[in-house]
Amino acid sequence: MKFAPLNEQMDVIKRGVSEIIPEDELVRKIEKSIKTNKQLIVKLGCDPSRPDLHLGHSVVLRKLRQFQDLGHLAILIVGDFTGMIGDPSGKSKTRPSLSLEETRKNGESYFDQAKKVLSDKNIKMIYNSDWLGKMSFADVIKLTSKYTVSQMLEREDFHTRFNKEEPISLHEFLYPLAQAMDSVAIESDVELGGTDQKFNLLVGRSIQREFGKEAQVILTMPILPGTDGIEKMSKSLDNYIGISDSPREMFGKTLSIPDKLMYDFFLLATNVPNSELTELKTEIANNPRDTKRRLAREIVTLYHSQEAAIASEEEFDRIFVKKDVPDVIEEMQYSTTGSSVNILQLLTETNLAPSKGEARRLIEQGGISINNEKISDAKSEILMNEPKIIKVGKRKFLKVIPG
RNA sequence: GGGUAGGUAGCGAAGUGGUUAAACGCAACAGACUGUAAAUCUGUCGCCCUCGGGCUUCGGAGGUUCGAAUCCUUCCCUACCCA
């Protein structure tokens, strides 16, 4: 294995990063790796409770990919053990804790999606129940003795929740320590994470030292904002662009981001070369419309293909500019007893509307059309003699096939 | 164990016996507009039938009352203070 020179490696590694702590230690680790011809162990923890990956996750995964391409070893740690305990933080009703089997399954699905970003070379996936599951209560007590309550409360979210008199479950304090044990177990040289992970990553450093290991360097990436431009990208806020989204969805969602986010998306979520980045800033200012379309194409190309990118752009124009129908529409078999069916019944039975009241409202507001004809009467009877295309709102389509 | 403050629709938050299906904000949804699924504006936002209603909601259970989210009993949950 031949590693690239230090400067080249650092140029790649530093793109888009928020912090490297401490940077000089990373330099030393890389120098040593070049000299001894040994790959660095780069760790990324993944949460198996939410296995749907989106562009936000991709930021850190892409960084991991860059380490892989530089010849280093990526270790993905699936938190199956921690997932099993379940995390009731926040107000959400006791989140059901997953069984080991479920976390494993989610881990697999995480891995499948992550493979769209990662290389299949220089990679290892490990479950943390391998070592956490073997710890005795005495081991846990020993571990917890190495960290104090005040130190824990330094973490911002604990701190604010504590001050707002919101509940903090005791086991939540154990998560950073468990994560730190992962670093001890695999002897990571570098751990990646979002800036929101900084605290946990730093705990890893001190616990590694406590266990007589060399401390890992931590590398944090900025949090990618969601399509709303305000909150961080997340599935629960529905402001995400999923790695497994269809080209059409990816394209549309990308166009809907606020203009001021474009640069960050180019920087953190695409392969646009470093040399083009400065130029892009002026492009964004001068021609936001076309630049955003390019961004959308870049993203679709990354997860699907160039052809898909071009097709999704064409389709976008067809649906939203020409207000036409997409060429691929979801289909559903639908059978009725009579030859026709009431529109409200049709909408609820096809799950296009959750209730008849909602369906009625959609009709009143002019949001329903069938075969391009607006339905304005909730009493309409729809003749079910041939396939019909139902349109709900601007972008929900369903082809109903009688039978 | 004792005390105090709380638990209201997806979230935040009003409401302390009777036009309260429950103000307001956010989110969501529809329409208009737009380079956009952005922003803005308008409307909607428990369920069922209808334009007049019917039914089910305010942590859980029970009770008082012609009538309760609002009063009482009891249980569960959260935070804080004291031990």
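Protein chains get the first letters and strands the later ones, always in sequence-line order, with residue 1 at the start of each.
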Using distance alone, with no hydrogens and no angle criterion, decide if A/Ser183 and A/Gln216 have a side-chain donor and acceptor under 3.5 Å apart. yes
Residue matched to B/rA23 through Watson-Crick or wobble contacts both under 3.5 angstrom: none
If you look at every strand shown and take non-hydrogen atoms under 4.0 Å, does A/Lys292 touch a base, only sugar-phosphate, or nothing? base
Among B/rC47, B/rA37, B/rC80, which nucleotide has an atom closest to any side-chain atom of A/Ser256? B/rA37
If the P atom of B/rA69 is compared with that of B/rG18, how far apart are they to the nearest Å? 11 Å
Starting from the C-alpha separation in whole Å, work towards a yes-or-no answer on ring pair (Phe, Tyr, Trp, His ring centres under 6.0 Å) for A/Tyr147 and A/Phe173. CA-CA 10 Å; A/Tyr147 233 76; A/Phe173 280 174; 9.8 Å; no
Rounded to whole Å, the CG-P distance (A/Leu347 to B/rC48) equals 12 Å
Calculate the interatomic distance between A/Met233 atom CE and B/rA38 atom C1'; express it in whole Å. 14 Å
Nearest to the side chain of A/Phe320, which nucleotide is it out of B/rC49, B/rC80, B/rA37? B/rA37
Does A/Gln365 contact B/rG43 through a side-chain donor or acceptor facing the base, at a distance under 3.5 Å? yes
Give one of base, sugar-phosphate or nothing for A/Asp259, where a contact means two heavy atoms less than 4.0 Å apart. base
In whole Å, what is the span from the NZ atom of A/Lys379 to the P atom of B/rC49? 12 Å
Any strand: nucleotide that pairs with B/rC29 via Watson-Crick or wobble, under 3.5 Å: B/rG43
When the nearest nucleotide of RNA chain B is assigned to A/Lys396 and to A/Ile257 on a heavy-atom basis, which residue is associated with the more 5' position? A/Lys396
Please measure how far the P atom in B/rG59 lies from the corresponding atom in B/rA14, and state the result in whole Å. 14 Å
Using a distance-only test with no angle check, is there a side-chain donor-acceptor pair under 3.5 angstrom linking A/Gln113 and A/His57? no
Taking the P atom of each, how far is B/rC72 from B/rG7, in whole Å? 15 Å
Across all strands shown, which nucleotide pairs with B/rU78 by Watson-Crick or G-U wobble geometry, both distances under 3.5 Å? B/rA5
Using whole Å, what does the distance between atom C1' of nucleotide B/rA38 and atom CZ of A/Arg289 come to? 15 Å
Nucleotide nearest A/Lys394 (side chain, heavy atoms from C-beta), chosen from B/rA30, B/rG31, B/rU50: B/rG31
Taking the P atom in each of B/rC66 and B/rC76, what is the distance between them to the nearest angstrom? 32 Å
Closest approach to the side chain of A/Glu165, judged atom by atom: which nucleotide of B/rA79, B/rA38, B/rG35 is it? B/rA79
Quick note, A/Ser355 side chain, CB onward, closest among B/rC33, B/rG43, B/rC47 is B/rC47
For A/Gln197 and A/Glu191, does a side-chain donor sit closer than 3.5 Å to a side-chain acceptor? no
P atom, B/rC80 versus B/rC48: distance in rounded Å? 43 Å
Using the C1' atom as the reference point in each nucleotide, state the distance between B/rC77 and B/rU40 in Å, no decimals. 43 Å
For B/rA37, what is the paired nucleotide under Watson-Crick or G-U wobble rules, both distances under 3.5 Å? none
Quick one: does any side-chain atom of A/Ser33 pair with a main-chain N or O of A/Lys38 as donor and acceptor, under 3.5 Å? yes
Nucleotide nearest A/Arg361 when distance is taken to its side chain, options B/rC45, B/rA37, B/rG35: B/rC45
Could you check how far CG of A/Leu237 sits from C1' of B/rC26, rounded to whole Å? 12 Å
In whole angstroms, the gap separating P of B/rA28 from CZ of A/Arg395 amounts to 11 Å
Sort out the partner of B/rC71 for me: Watson-Crick or G-U wobble, both distances under 3.5 Å, none otherwise. B/rG63
Respond yes when some side-chain nitrogen or oxygen of A/Lys356 is under 4.0 Å from OP1 or OP2 of B/rC49, and no when none is. yes
Under a 3.5 Å distance rule, please check whether A/Gln39 uses its side chain to pair with a backbone N or O of A/Gly71 as donor and acceptor. yes
Pick base, sugar-phosphate or nothing for A/Gly252, based on heavy-atom distances below 4.0 Å to the nucleic acid. base
Under 4.5 Å between any side-chain heavy atoms of A/Leu277 and A/Arg15, yes or no? yes
A/Phe397 has an atom CZ; how far is it from atom P of B/rA37, in whole Å? 12 Å
Rounded to the nearest angstrom, tell me the gap between atom NZ in A/Lys322 and atom C1' in B/rG35. 15 Å
Which nucleotide in the set B/rU50, B/rA37, B/rU78 lies at the smallest distance from any side-chain heavy atom of A/Arg360? B/rU50
Could you tell me how far B/rG46 sits from B/rU56 if I compare only their C1' atoms? Round to whole Å. 8 Å
Residue pair A/Phe320, A/Phe316: steps toward the ring pair (Phe, Tyr, Trp, His ring centres under 6.0 Å) verdict: CA-CA 6 Å; A/Phe320 296 106; A/Phe316 185 89; 4.8 Å; yes
Could you measure between the two C1' atoms, the one in B/rC49 and the one in B/rG15, and give it in whole Å? 30 Å
